[in-house]
A.B. asks: 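Below is the structure I would like to discuss, written out as structure tokens.
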Amino acid sequence: MQSSQTGITGHYSSGNLLQAIRAGLKAARTKSDASDVDLLGGVDEFHIGGRTATEALADRVIPGPDCQVLDIGCGIGGTARFLATRYGCQVTGIDLTPEFVDVGNQLNADLGLGNRIMLSVADATDIPLGTDRFDRVTMLHVGMNIADKDRLAAEIARVLKPGGIAAIYDVMRTGEEPLRFPVPWARDQTMSFVATPADYAASLAAAGLSPDAAVSMRDTALAFFEQARARMAAGGGSSPLGVHLVMGQDAREKVANLSAMVEAGTVCPTLILAHKPV
Ligand SMILES: C[S@@+](CC[C@H](N)C(=O)[O-])C[C@H]1O[C@@H](n2cnc3c(N)ncnc32)[C@H](O)[C@@H]1O
């Protein structure tokens, strides 16, 4: 692993995540009849818009059951569990952070989903999986940690089947101002590689994919941050299954910085779909 990648996995690791999530799930079950996959949505969808954003992305690209999906940078597997249970997909997830993969696989085993989802440790720029293998590739809030977008795009293009679609939902640069740190994906600029929608489109096109026009998710983001602020103002505090469990002790500062940058137009969560020719 490169030294910058060691920094990234250190940034995301805590050492006691599984116990915290299992305890949070137990507490959440006493207050709600929602399914475990839905209850976990508060902690395992580590991107702006949470489950709502995942649903919007999936509704655009997931054709139905039996779809083979690769989720790049799967974290603790929230998107994978949602795609497997809502759409009947078979999901493979890869992520650089061993603790996230381990927690994700343990949660899948707890929920009886181990036969439909397989998560493993791997680098998105060197994916140890076959060529032309997946109907869909999803990637949510991961590219900000990856410097070499050309290599990332080439790997996405390689593993997609002809006719397949990649759905990339990342925080992208839309203004010139310096970034504020920390943010949810990085402690400082040594592990942050935020790029413009045009940079992504150029890398995807160079890899042989046809990218659609980028879709701004700014309104979703502003509503998401506003809801979070309203919850806090109402004294809601941190739920036992909130995303702070994966974001760490400085979660509030990270979210405040990100929210301020989205409001100022410095960055914007953006969705790009890219098609592999038949
Ligand atoms: C902000 S989290 C998003 C996790 C997940 N996609 C989600 O939305 O819940 C970013 C994830 O990208 C992973 N990651 C960063 N660089 C990576 C790389 N080169 N290859 C694979 N995963 C990577 C991190 O370990 C982390 O789990």
Side-chain angles (χ1 to χ4, degrees), residues 1-14 17 21 37 40-58 69-83 91-105 107 117 119-129 137-156 159 166-172 182-187 190-195 217 220-221 224 241-248 251 254-255 257-258 267 269-271:
M1 197 181 282
Q2 300 158 18
S3 61
S4 62
Q5 293 185 333
T6 309
I8 289 167
T9 57
H11 171 76
Y12 286 115
S13 301
S14 72
L17 187 56
I21 292 178
V37 170
L40 285 169
V43 63
D44 68 12
E45 300 272 17
F46 188 1
H47 48 262
I48 297 172
R51 177 61 54 81
T52 305
T54 308
E55 204 163 356
L57 178 152
V69 180
L70 173 65
D71 187 40
I72 292 181
C74 58
I76 63 171
T79 299
R81 280 184 288 278
F82 177 69
L83 296 180
V91 190
T92 301
I94 58 162
D95 198 284
L96 204 56
T97 303
E99 184 180 6
F100 279 1
V101 169
D102 189 41
V103 168
N105 281 328
L107 292 174
I117 305 170
L119 312 181
S120 53
V121 177
D123 177 3
T125 61
D126 188 13
I127 300 174
L129 297 169
V137 170
T138 53
M139 190 179 88
L140 291 85
H141 283 41
V142 180
M144 303 90 77
N145 283 133
I146 299 178
D148 192 342
K149 301 285 191 290
D150 284 348
R151 198 159 153 190
L152 170 65
E155 281 296 79
I156 292 172
V159 299
I168 296 166
Y169 174 49
D170 274 352
V171 176
M172 301 189 191
V183 283
W185 64 90
R187 197 175 305 121
T190 62
M191 56 187 81
S192 181
F193 308 98
V194 179
M217 302 291 280
T220 305
F224 179 73
L241 269 184
V243 76
H244 59 282
L245 295 180
V246 288
M247 229 187 284
K254 289 170 176 166
V255 173
N257 282 337
L258 177 55
V267 298
T270 304
L271 175 64

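Whatever order the structure lists ligands and atoms in, that order sets their numbers, starting from 1.
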A.B. asks: Under a 3.5 Å cutoff, is there a donor and acceptor pairing between the side chains of T79 and E45?
C.D. replies: yes
A.B. asks: Show your working on side chain to side chain contact (heavy atoms under 4.5 Å, CB included) between V91 and L70 and close with a plain yes or no.
C.D. replies: CA-CA 6 Å; V91 190; L70 173 65; over 6 Å; no
A.B. asks: Determine whether the side chain, the backbone, both or neither of E45 has a heavy atom under 4.0 Å from any heavy atom of ligand 1.
C.D. replies: backbone
A.B. asks: For atom 27 (O) of ligand 1, what's the nearest protein heavy atom and its distance?
C.D. replies: D95 OD2, 2.6 Å
A.B. asks: In terms of residue, atom name and distance, what is the protein heavy atom nearest to atom 22 (N) of ligand 1?
C.D. replies: L96 N, 3.2 Å
A.B. asks: In the protein, what heavy atom is nearest to atom 19 (N) of ligand 1, and what distance, to one decimal place, separates them?
C.D. replies: D123 OD1, 2.9 Å
A.B. asks: Relative to the heavy atoms of F100, which atoms of ligand 1 are at a distance of less than 4.0 Å?
C.D. replies: 27 (O)
A.B. asks: Assess T79 for proximity to ligand 1: is some non-hydrogen atom of it under 4.0 Å away?
C.D. replies: no
A.B. asks: Is there a nitrogen or oxygen of L140 sitting under 3.5 Å from a nitrogen or oxygen of ligand 1?
C.D. replies: yes
A.B. asks: Could you check whether any heavy atom of W185 sits closer than 4.0 Å to an atom of ligand 1, since that is the contact criterion I want to use?
C.D. replies: no
A.B. asks: In terms of residue, atom name and distance, what is the protein heavy atom nearest to atom 6 (N) of ligand 1?
C.D. replies: G73 O, 2.6 Å
A.B. asks: Do H47 and T54 come within less than 4.5 Å of each other through their side chains, counting heavy atoms only?
C.D. replies: yes
A.B. asks: Do I127 and I72 touch side chain to side chain, with heavy atoms closer than 4.5 Å?
C.D. replies: yes
A.B. asks: Return the residue, atom name and 0.1 Å-rounded distance of the protein heavy atom closest to atom 14 (N) of ligand 1.
C.D. replies: V142 CG1, 3.9 Å
A.B. asks: Within the 4.5 Å heavy-atom criterion, are F100 and V121 side-chain neighbours or not?
C.D. replies: no
A.B. asks: Starting from atom 9 (O) of ligand 1, what is the nearest protein heavy atom, named by residue and atom, and what distance separates them?
C.D. replies: F46 N, 2.7 Å
A.B. asks: Which residue and atom name correspond to the protein heavy atom nearest atom 8 (O) of ligand 1, and how close is it?
C.D. replies: H47 ND1, 2.6 Å
A.B. asks: Should you measure from each heavy atom of T97, which atoms of ligand 1 turn up under 4.0 Å away?
C.D. replies: 24 (C), 25 (O)
A.B. asks: Residue-level breakdown please: for P184 versus ligand 1, do any non-hydrogen atoms fall below 4.0 Å on the side chain, on the backbone, on both, or on neither?
C.D. replies: neither
A.B. asks: For H141 and V171, which heavy atoms make the closest approach, and how far apart are they?
C.D. replies: NE2-CG2, 3.6 Å
A.B. asks: How far is atom 20 (N) of ligand 1 from its nearest protein heavy atom, and which residue and atom is that?
C.D. replies: A124 N, 2.9 Å
A.B. asks: Apply the test side chain to side chain contact (heavy atoms under 4.5 Å, CB included) to residues F46 and L140: give CA-CA distance (whole Å), side-chain angles for both, the deciding distance (0.1 Å), then the verdict.
C.D. replies: CA-CA 8 Å; F46 188 1; L140 291 85; over 6 Å; no
A.B. asks: Is D71 close to L83 at the side-chain level, that is, under 4.5 Å between some pair of heavy atoms?
C.D. replies: no
A.B. asks: Going by the order shown, which atoms of ligand 1 are within less than 4.0 Å of some heavy atom of A122?
C.D. replies: 20 (N), 21 (C)
A.B. asks: Can you find a non-hydrogen atom of T54 under 4.0 Å from ligand 1?
C.D. replies: no
A.B. asks: Under 4.0 Å, counting heavy atoms only: does I146 come that close to any atom of ligand 1?
C.D. replies: yes
A.B. asks: From atom 1 (C) of ligand 1, work out which of H141, E99, M139 has a heavy atom at the shortest distance.
C.D. replies: H141
A.B. asks: Taking 4.0 Å as the limit for heavy-atom contacts, which would you say applies to D44 with ligand 1: side chain only, backbone only, both, or neither?
C.D. replies: backbone
A.B. asks: Just wondering, do S13 and T97 contact through their side chains at under 4.5 Å, heavy atoms?
C.D. replies: yes
A.B. asks: Is there a side-chain contact between L152 and M139 (heavy atoms, below 4.5 Å)?
C.D. replies: yes
A.B. asks: For side chain to side chain contact (heavy atoms under 4.5 Å, CB included), just list the numbers for M217 and T270, CA-CA rounded to whole Å, side-chain angles, deciding distance to a tenth of an Å, and then say yes or no.
C.D. replies: CA-CA 5 Å; M217 302 291 280; T270 304; 6.0 Å; no
A.B. asks: Strictly by modelled atom types, are D95 and Y12 linked by a side-chain donor-acceptor pair under 3.5 Å?
C.D. replies: no
